[in-house]
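Just so it is clear, the model here is predicted, and its values are computed rather than measured.
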Amino acid sequence: MSLIPKDPTTSSGEEAPPSSSDPLQLALRQALAEPPRKPASLLPKIQERIYERTRGRYFRKKKGAWRDRMTLLLAIALLVLILIIAGFLSLSSQWESSAAPPDASSGAP
Amino acid sequence: MTEPGDLGGEAFLARLRHRDERAFNQLVLAYEEKIYRFVWRMLGHAEDAEDLTQEVFVQVFRSLDQFRGDSQLSTWIYRIAINLTKNRHKYWQRRFRKAHQDLDPSADHLSWEQAPGLTSGEISRPDLDAIGNETERIIVACLHELDAPLRELLILRDVEGLSYEEIALILESPEGTIKSRLHRARNEFKQLVQKRRGEKLP
């Protein structure tokens, strides 16, 4: 049984390892040439991890960003509505107090 | 080891430091395969390699401010990958796990101590012939019997094909130390293979 591999180069054509005639080094290179399965690009998973670790600061998904923007708009609209209602209530109470007749029990003529 | 495309340029580094997402995507796409393969070689387990490769790039993203630019970007990424694989090995040691259990997925129910006793007829791996299969298993088993620092060196130099200078930068050790340790690593590796095969190698 020979240790000399049939083809020591990798299929991806990566940088050539140091030239060596040592059969053991060639065999090692061949044994570790390619992983048993190659994953698809890891980029989406990496982006997702960064998104989670930075609490959504980076790599925000478009859908998520849109949802965030809508939530912000709704919150602002709600706040404006509350302010309008509060203003209206305070003004209406002022109008009511200014329109009321003078108190009879105060003895005023 | 050269930087692919324009990834080593100052402008690109500035974009990375500003957490430019498109620049980071470019970086990942340029290095993910190389780093995945390296991590798999170090760990010997495809799923863990996938997980750890993702972790390497998360770490890269988080530490971009710390990259001073006194080495190549790829060297720095390798350094991060090495450190994370070391941590993963420590974690496995604590949990008594074999780091290399699926380098041959067809024999994943066997320990590597058992594997060399197998013949090709006992396992099915059609992509390899009988001789290559057994030889590869012996080689990988012996590699993982080496101490982690020696295994790192063998992989970086003899498999990844990095220069002594690059390895010295990655491992933050003088070149002389790297050379002498590599010599030791090769000798120990050869002895382990000879012992397993029961024959003297040239």
query: CZ of R184(B): more than 12 outside heavy atoms within 6.0 angstrom?
result: no

task: Could you tell me whether E55(B) and R88(B) make a salt bridge, using a distance below 4.0 angstrom between a side-chain N and a carboxylate O?
output: no

query: Which region of E32(B), side chain (C-beta onward) or backbone (N, CA, C, O), has a non-hydrogen atom less than 4.5 Å from a non-hydrogen atom of chain A, or is it both or neither?
result: side chain

message: At a 4.5 Å cut-off on heavy atoms, which part of D20(B) comes close to chain A: side chain, backbone, both, or neither?
response: neither

- prompt: What distance separates R157(B) CZ from K179(B) NZ, expressed to the nearest 0.5 Å?
  reply: 9.0 Å

Partner chain A: residue of F24(B), Y36(B), F57(B) with the largest heavy-atom pair count (under 4.5 Å): Y36(B)

- request: Measure distances from E48(A) to the heavy atoms of chain B and classify the residue's part below 4.5 Å as side chain, backbone, both or neither.
  value: neither

message: Please check if the number of heavy atoms outside R17(B) that lie under 6.0 Å from its CZ is greater than 12.
response: yes

